[in-house]
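Contents: one structure, followed by commentary.
Values in this document were obtained by computation on a predicted structure and should not be read as measured data. Counting convention: from 1, in listed order, for ligands and their atoms alike.
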Amino acid sequence: MASDLFNGRLEDVKFTQLFVNGSFVDSLSGKTFQTIDPRTGDVIAAVAEGTKEDVDAAVQAARHAFDSGPWPRFPGSERGRILMKLADLIDQNAEELAALDAIDAGKLYRWSKTEISSVANMLRYYAGAADKIHGEVLKMSREFHAYTLLEPIGVVGHIIPWNFPSTMFFAKVSPSLAAGCTMVVKPAEQTPLSALFYAHLAKLAGIPDGVLNVITGFGPTAGAAISSHMDIDKVSFTGSTQVGREVMQAAAKSNLKQVSLELGGKSPIIIFDDADVDKAVELALIGVLYNKGEICAAGSRVFVQEGIYDEFEKKLVQKAKAWAVGDPFDPNVQQGPQVDKKQFEKILSYIEHGKREGATLLTGGKAVGNRGYYIEPTVFINVEEDMVIAQDEIFGPVMVLMKFKTMEEAIKSANNTKYGLAAGIVTKNIDIANTVSRSIRAGTIWINCYFAFGDDVPFGGYKMSGFGKEHGMEAVHKYLQVKSVVTPIYNSPWL
Ligand code: NAI
Ligand code: MG
C-alpha cells in the first residue's frame, strides 16, 4: 500500500534534483531544502534549492528549445501524440504520484488518486486541442487578403502553489505545451515532489530536452527570478494576492512580460428557503472543508435564508462535529493536516481574531492532537460582514455563517468582498438562480453544486481574484499571440 511506500524515508523519494534541459541536476549552489510531512512535522526529503542562476540556466535551455528546437515546429498532432503518451504514463504511476502529493501536502490519499486521474484527462483534453489551433481569414477589403496566425508566445514561467500540486502544475503546463511554448516551472517549496516526478515522465513520453524545466526552490529567490526575468515572455502565477501583486510589478519593471494571475477568494454560498436542508448542509460543508479549506474557490462565506436557518445551523453543527480529521492515508478520514506549520498557525490566529472581533464560535476552533498540523472544522456565527474573518481569505477549515431575509440583501452581502472567484447558489427556483448568477461578480457560478470543475470550463477570477482563465480553450489562448498578415490581391498600388 502506498502509505507504506512513503513513510517519510528519503530512499522512497526518487526525484529530488532540478530538471534542466532534460537532465536531473543539483542546484548550481549545491544547496538543498527540506520538504516536510505535515502529519508529523518530520522531514520527507532534501530537495535541490534552485536560485536565480538555476532559473537563468533553465530559461536558456527553454529559449534554445523554443528558437531552434522541434517542439513549436511540430505539427499539432505530434505534440498531441506526446501529451497523450504522458497522460498514459501518469495513469500508470497514479498511486505513487498520489502518495507524493498526500505526504507532501497532507491531501487525502484517495482524493489525491482521483486528482491524478483528472490531470491525465486534462492532458488528453489539451492533447486534442494541440492540432485545433488556428487563426482566421479576415474581410478587410476587396484589395487585400488578411489573416491571423496564432503563434506560441515563447518561453513561459509557471509559478505553482502548494494546495493542488498536480492540478495546478498541469492547468498551466498542458495548455502551454499544446500551444507550442517552452517553459520553466517553479513548484511551491512546500510541495516540490510530484512536479519532479512529472518532469521524469515528460522525458519518457518524448518531450524534447529544454521544453519543460522544473526549478524547485523558494518564492523570493527562484520565483522572483522568473517574474523579473528579461527573457521570459509570459508568467502565469497562482497563489496569494500579495505575491500576485509583486509578480505583476516585477513583470512591469523588467521586460513587460504578459501576466496571468489566479489569486485568492472568499466565495459565497447562498442557500434559499426552498433548499433541501440536508443536501445544502453537505454542500456547504464540502464547500469549505474540501482539501481542508486550502482551495482558492472555497465557499467560506455561507448565507442561509431565515426560514430554514435554524434547522440548517443545527444540522451543520452535528455534521461538522462528526467530520473525521486524521491521517490522510486512512480511508475513513475526511480531512488531513494543513500544509505546513505556517499555514496551521495562520488559520489558528484567524480563529482567535474572529473571537476577539466578537463573532461566536459555533463549533471547532482548535488544533486536533499534539503532533502535525490538524485543525477542527470550524464555524463562526454572529458575524458582521466587515469583520476580518468575513473578508480575508483564511485558507483553512473555517466557515462564517450568516442569515439573510431577501434575495436582494443576499446579493449585496455576497458581493461585499474584494474577491470574485466563485459563488454557489442553492435553490429550486429558476428565476432566483438566474437572477443571482447574473448579479454576483465572480468568474464561476455553481447552481445546486459546488467545485464542479470541467476540463473545458474556463475558471478564473473577477476583481482581486486575478485575471486570465485556466481550463478550456481560453487557457490555450493565454499562451498564444495573434499575428496579423496582410497582402494585396490585385491592382496593388504597393508593388
Ligand atoms: P504564496 O503566494 O507565497 O506562494 C505561491 C507560489 O508563489 C509559491 O510557488 C511561492 O514559492 C511563490 N512565491 C512566493 N513569493 C514569491 C515572489 N516574491 N515572487 C515570485 N514567486 C513567489 O502563498 P503562501 O505564502 O504559500 O500562502 C499564503 C496564502 O496565499 C494562503 O494562506 C492563501 O490565502 C493564499 N494562496 C492561494 C492559493 C490559490 O489557489 N489561489 C494557493 C496558495 C496560497
Ligand atoms: Mg511539504
For [atom], what is the closest protein heavy atom, and at what distance to 0.1 Å?
atom: atom 24 (P) of ligand 1; answer: W162 NE1, 3.7 Å
atom: atom 12 (C) of ligand 1; answer: I159 CG2, 3.6 Å
atom: atom 42 (C) of ligand 1; answer: P161 CB, 3.3 Å
atom: atom 29 (C) of ligand 1; answer: K346 NZ, 3.6 Å
atom: atom 11 (O) of ligand 1; answer: E189 OE1, 2.6 Å
atom: atom 30 (O) of ligand 1; answer: S240 CB, 3.0 Å
atom: atom 44 (C) of ligand 1; answer: F395 CE2, 3.8 Å

Checklist entry - Hey, does the Lys NZ or Arg CZ of K107 hover above the aromatic six-ring of F164, less than 6.0 Å from the centre and inside 45° of the axis? => result yes
Review point. Taking the six-membered ring of Y479, is NZ or CZ of K234 closer than 6.0 Å to its centre and within 45° of its axis?
Key: yes
Please list, in number order, the atoms of ligand 1 under 4.0 Å from a heavy atom of [X].
X: Q190; value: 26 (O)
X: G223; value: 19 (N), 20 (C), 21 (N)
X: Q343; value: 31 (C), 32 (O)
X: V243; value: 2 (O), 3 (O), 13 (N), 14 (C), 15 (N), 16 (C), 17 (C), 21 (N), 22 (C)
X: E262; value: 41 (N)
X: C296; value: 39 (C), 40 (O), 41 (N)
X: T238; value: 5 (C), 39 (C), 40 (O), 41 (N)
X: E246; value: 18 (N)

[X] and [Y] ion-paired at < 4.0 Å:
X: K478; Y: E474; result: no
X: R39; Y: D37; result: yes
X: K113; Y: D101; result: no
X: E393; Y: K266; result: no
X: K346; Y: D392; result: no

Handout entry: Aromatic contact, W446 with F453 (centres under 6.0 Å)
Key = yes
Aromatic centroids of Y198 and F170 separated by under 6.0 Å:
yes
So does [Y] get a backbone contact from the side chain of [X], meaning a donor-acceptor N/O pair under 3.5 Å?
X: S227; Y: V247; answer: no
X: Q391; Y: N416; answer: yes
X: S174; Y: L123; answer: no
X: N255; Y: M230; answer: yes

Among S228, G219, A188, closest by heavy atom to atom 17 (C) of ligand 1 is G219
If you compare E393, K342, Q242 by their heavy atoms, the one closest to atom 25 (O) of ligand 1 turns out to be K342
Measuring from the heavy atoms of [X], does anything fall under 4.0 Å of ligand 1?
X: E294; answer: no
X: F237; answer: yes
X: M168; answer: no

At under 4.0 Å between heavy atoms, what of I160 touches ligand 1? The answer is backbone
| request: Determine if the distance from atom 2 (O) of ligand 1 to the closest protein heavy atom is below 4.0 Å. | output: yes
Polar proximity ligand 1 side, L263 side, N/O cut 3.5 Å exclusive: yes
* Atom CE of M248: over 12 foreign heavy atoms under 6.0 Å -> no
